[in-house]
Each structure stands twice: as structure tokens, then as C-alpha cells.
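Before anything else, here's the structure in question.
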2 protein chains.
Amino acid sequence: MKLKDLARELGLSLTTVSRALNNYPEVSDDTRARVKRVADRVGYQPNIIARGLAVGEIGAIAVMVPKESTSYLDPDTIEFLVGIAEVLAPAGQDILLVQSSRDESLETCRNIIESRRADAIIICYPAPVDSRVRFLADANFPFVVYGKSRTPVAHTWVDIDHRDAAFRSTAFLFERGHEKIAAIEGPVQFAFAEERMAGIRRAFDQFELPPCIINDTFCDYTGYEHTLRLLRQASPPTAFVYGSLLSAIGGGRAIRELGKQERIAVVTQDNGVPYLSPKNILPRMTMTSFPIREAAKRVAQQTIRMMDVNAAIETESWKPRLISIAQSGRD
Amino acid sequence: MKLKDLARELGLSLTTVSRALNNYPEVSDDTRARVKRVADRVGYQPNIIARGLAVGEIGAIAVMVPKESTSYLDPDTIEFLVGIAEVLAPAGQDILLVQSSRDESLETCRNIIESRRADAIIICYPAPVDSRVRFLADANFPFVVYGKSRTPVAHTWVDIDHRDAAFRSTAFLFERGHEKIAAIEGPVQFAFAEERMAGIRRAFDQFELPPCIINDTFCDYTGYEHTLRLLRQASPPTAFVYGSLLSAIGGGRAIRELGKQERIAVVTQDNGVPYLSPKNILPRMTMTSFPIREAAKRVAQQTIRMMDVNAAIETESWKPRLISIAQSGRD
DNA sequence: CTGTTAGCGCGTTCAT
DNA sequence: ATGAACGCGCTAACAG
């Protein structure tokens, strides 16, 4: 069923039918009513491609999430996607899920905008300096970044204040008398990892101690292995900071295995993933917490806003709550 | 940069350039080479929409996943999506992520095919009798279902043998002397839940005991609450079967809280989600295991196959492994 | 208020 | 081997 068929059935011209369906003001109310009624009855659906070609929009937004060869869509990324979907679906925008590894990300990005596969792009977890940002800004293509990068181009982004969160996490432990603290953080190829490291370093500087930071993929076994290794050292840490609950879970396992769960303090970043409840984890952990789903909603709203031709650039930084848990430690 | 621009740049006609890029046999080799070289240099990308309009294909496959009001994309669904993406991305097919609740799913489905938003549809977790199956089959639209439903229409599907897995899980416990077994299973609106219940009932029948099955959303707190409630009964179960690791995690927490982790046996279904490692869970659990990511890959391959006009209908059922863990129990 | 006409960018017959 | 012309289904100027 195409527009032409519908027009023939109604005895109207193609144009009038189109206008009636798209709520143009110049069609009479009863014509519009009649058109819509019949369209509804015969189940007419406009061909989205033809419409896209005519209007120059496709009704979809691409979400670029990182793909590393050994990795998977982690729970945080998923929660992010869920938040995006919650805003975009009611807005009638489809989501184009695009995974791309670091070195092909610019190419993928180009591909999306030149083939007009999407009307806007959301970049999730940018690199410290991300080539896509300049490219998209130059191309004047609507985009929003989830993550504060150092890319020297004005652009709209939303992020959690990772630097502040990491600083407070570390300081929290220092203030409780810990002197040997280890941080298990994410890969340096991501901006947020850099931000967290800056916060952690500041805390170490302030308490005049040399930093101990490890960077690796966030997942159970990396958290486990690094923690185990560190705890087996001659003078092991008495406290750990984890950049992700995933690593913290693995780290917690290592701590339990060594029977140290009463003597090691832990602070972790928590993104509020419902099924990764810290309640299940031992040892108990203090956390900096911000629901990534809410951040994602803001990203989506900003993206819709940026699709307006003369939208201004905005940035948003959200501070996580510190949820202090009575736990073991040196004090 | 459009085809016309490229043609002008090359001093060739639009047609020839198009044919050269699409590997038509009638263009001379050096013309083709020259065209491709220049296209590559100037970064020409065909407009996917215009191409779609001309060819009648859009280069995207819709994945319909259930959305329940209180719920989120759970880890299993995500792993499923990852598997889909692993196959579809290299095949040059985009993924259109579509969440829809049960009662609007048929409408959403219609919408997708009538507006030609996608070239094929993947249905994830069908209802026991799913209206979309008949609709898509009637419309002769390519689709594959992840999940064995009772819909009386021949169609291509891929699934894990849930009935067998659930039967073996339950029988495993009976054989170890348990007589009071409770099953925490998924919502009956999904076909897989029905399948699992059939398997569980068969085990109960075989051992001539009345079944105890609870149906609820799979998540931490439902697992927790049902388990807690049951364990506080007058004569509580000595063993639990969980349809999902998510519920099992919550259930395990309830068991630990009551200090019964040495006396309760647990069997769970495990979909091989990397970050939900059962290694972190107490009490230890026996599991029926099958990587949902692998199943998803099969689904994606089947979908690509079904996009061929005269593809035959195929069905695949995969048996999970039973991974027996030495654990507490009555024996 | 309604209809006619011209694109949107590409693939593809039909000529040459 | 190459090009001109048409159509995919729809929207948007431009008439009337």
C-alpha cells in the first residue's frame, strides 16, 4: 500500500493525502479526518526510505560504543543504551547500534554520516583526544559525546565527574588512615580513565604518597588477578579503589580467597546497574554512585536538541554521590 | 559527494560510474579501476537511503527484544545482541534495536515491515503462541525466532532445549536425595518459561512428587524474595532450581543470609555471560550451561540465510551442558 | 484549500 | 563499453 494507492482510493491527489497525514494546516479538517480514517483502516504505513530520501532524514540515531577485540558489551554500556532507548523510542527515533574498535572508529563515523545512515551520532566513552569529535564538528553533523574528552573543539557532552569521584574515593581511604592504597583503573585509551587517574593522583599528592595505579580492562578476572597479585606482595595494600564495579567484584573475590575480607577496605565506582547489586558482594564496599541510565537520558535529550540546526553547545557534568559503608579498614 | 559529482569529476556518465562501483561485468577493467581509485580518494559513499529506495533494501535487520515496564535489558538479552552483532556487522547489516512490550509487539512488527525499516526481523523470546510469527510468515517477510514457541506456523527458529535442561536440573537434585525442591522460573508469557516448566513437571512426575514452581521476572530481588519466603516456611525446600542466574544470585543471597549455605543445593541455568561468573556466587551451584552468544550467532546466520527468497525453513535446538559442582545437599 | 510538477540519489532498463 | 532516461515513494515548491 503506497501513497498513490491510498490517494486513488480516496479520490484525492497524492499531495493532499500526504499533507493530511503530515498535519499540514492548509487541508480542511474533514478531509484530514477522512484521509486519516481510511489510512488507518487499510493500514497504510509510509515507506520510511522514500520519506527519508525526500526529507533528508532517516529517523535513526547512531550510538557508537567501543568494541575491543577481547571484550563484550559490558553492563555499564548496556545500561547506557537502555537510558538512550527510553528517551529516543518515544521520540520516534530508532537506534542504530554501532560497535567499532578504536582504530576504525573514525572511518565508521565517516561512513555513517556520508551514507546518511543516521541523523545524529552519540559517541560513548571517547578517547582522551578523539578524532571523531573534530570530524563531526567540522562536518557540522549533530552529535553528543558521553564522556569529557580533551579534544580541543567545542562540542556538546555529558559526563559524570570522574575526576572528582576518584579523588573523593581515594581521599576517603586516606582519611581513614590507610597509607597503602592501590587503584585498579580502566584502559588509558579512554578519557574517563584519564580523568579518574587525575583525581587519584591529586589525592595521592595531597597526602604526599606515591600513587599506585593499574590500568586494565574492567572485568571480573582482571580485578581478581591484579588484586591477588598485589595482596601477595611483601607489604600489600590495605585498601583498594576500583574504577568499576566489575573489577571490584573480581577484586572482592581475591580478597575473600585470601581470607582478608575483614582487613581490606574497598571503594568502587557504581553505575547503578540493577542486576549488579553491591549487596551481593563481599567485602562490603563504599562507593561513588551515579545511575548511568540517567546520564544516558540526558545524552539522548541533548542529542535531540542538537538536531535543531542552530542549537547551542552545552556541557553537563554530574557529581556522583559518595555512599559510605561501614567497613573494615585500619581505623 | 554524490554519484553525479563523482561522474563529473571522472568525465564519465552517472551510469558508468554506478556500474563500475557495483562490479557490473560490462565496464572495462581500467575504467573500473580508475573509478574505484578516485571514489576511494575523494571518499565517496553511496547514500544508503537513495540506494535503499532504488534497490528496495535498507541494509538493516531489526532485533525485537521484549520490554516490560518494570524491566531493563537484562544481561542475557545483551549477550544475545552481542552475538547478533558479531555476525551481522561483518555482513554489512546494521542492527535496529527495537524494544516492544507484549501487547504492542504485533503493531511494532507491522510498522517495521510496512515502513520497510528493516530487511528482516529477529524475534527474541517469543510468547508461547506469538502473533508475530503468523503475521510475518503470511507477509512472506524474512524472520527468525530465538525461542521455540507453539505457534502453529512453520518457521525458522533457534533455541536452547530448555525443557531438557530444566528436566535434568530437577532430576539431578532428586537423584541426590532431595525431596523438597522449589523452582524459581520466568514469566509464563514467554515460551521458554513454559518449556522449562514442562521439563520440571516431568521430573516431578517421574519422582512422584507434587511440583513447586514459582513464576516471576528474572532478577536479583525476585530471586531473593521468593527464596527467602520459601525458606521461612514450616518445612522449607532443601534445594532450588533457578531458570536464570540472575534469580539464582538473589536466591543465593537469601540462602547466605539465613546461614544455610551449607545445607541448600542449587541448580541454575547459565547463559555464559562473562561478567556474571558463577565463581563469585555462594553457595556453589550446579548449572546447565549454554553460551547464549553462540546461539545468537546461529540466529544471525539463519537470518541472513532467510533473506534469500527461496530459503528453506530450518529449526535448531541446542542442548546445554550440565556442569555438576560438588556442593552441599542431603547426601 | 487542492492539484501539478519537480526533485531527493541511486539502480537499471533500453538504446547506442 | 557507454550514456540517456525512467522509476523507486515521498515531500515541497509552485500554481490555481
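So that the names make sense, note that chain A is the first sequence line, chain B the second, and so on, each numbered from 1.
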Sugar-phosphate, base or nothing in reach of A/L53, heavy atoms under 4.0 Å: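 Base contact.
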
Sequence neighbours excluded - ring-ring contact (aromatic ring centres under 6.0 Å, His included) pairs with any residue from residues 84-116 of chain A: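 Not a single pair qualifies under ring-ring contact (aromatic ring centres under 6.0 Å, His included).
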
B/N111-B/T108 side chain donor-acceptor pair, cut-off 3.5 Å: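 Note: B/N111 and B/T108 side chains miss the donor-acceptor criterion.
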
Of residues 36-52 of chain B, the positions that come close to DNA chain C - non-hydrogen atoms, cut-off under 4.0 Å: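 The stretch gives B/Y44, B/P46, B/N47, B/A50, B/R51 as the residues lying under 4.0 Å from the strand, ordered by number.
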
Set of side chain to side chain contact (heavy atoms under 4.5 Å, CB included) partners for A/R51, sequence neighbours left out: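 Result, side chain to side chain contact (heavy atoms under 4.5 Å, CB included) vs A/R51: A/N22, A/V55.
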
Sub-4.0 Å heavy-atom contacts from residues 6-21 of chain B onto DNA chain D, ordered by number: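 B/L12, B/S13, B/T15, B/T16, B/R19, in order of number.
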
Candidates D/dC10, D/dA1, C/dT2 - which lies nearest the side chain of B/S28: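 Closest nucleotide to the B/S28 side chain: D/dA1.
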
A/L3 CG to C/dG3 C1', straight-line distance once rounded to whole Å: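 Result: 13 Å.
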
B/Y125: partners by ring-ring contact (aromatic ring centres under 6.0 Å, His included), with sequence neighbours left out: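 Once residues adjacent in sequence are excluded, the partners of B/Y125 under the ring-ring contact (aromatic ring centres under 6.0 Å, His included) criterion are B/Y146, B/F192.
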
Donor-acceptor pair, side chain of A/D159 and main chain of A/K148, under 3.5 angstrom: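 Pair found, side chain donor or acceptor close to backbone of A/K148.
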
A/T31 side chain near C/dT2 phosphate (N/O to OP1/OP2, under 4.0 Å):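 For C/dT2, OP1/OP2 do have a side-chain N/O of A/T31 under 4.0 Å.
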
For B/N47, all residues meeting side-chain hydrogen bond (donor to acceptor under 3.5 Å, both in side chains), sequence neighbours excluded: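 Not a single residue meets the side-chain hydrogen bond (donor to acceptor under 3.5 Å, both in side chains) criterion with B/N47.
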
Interatomic distance where CD belongs to B/E26 and P belongs to C/dA15 [whole Å]: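 Result: 16 Å.
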
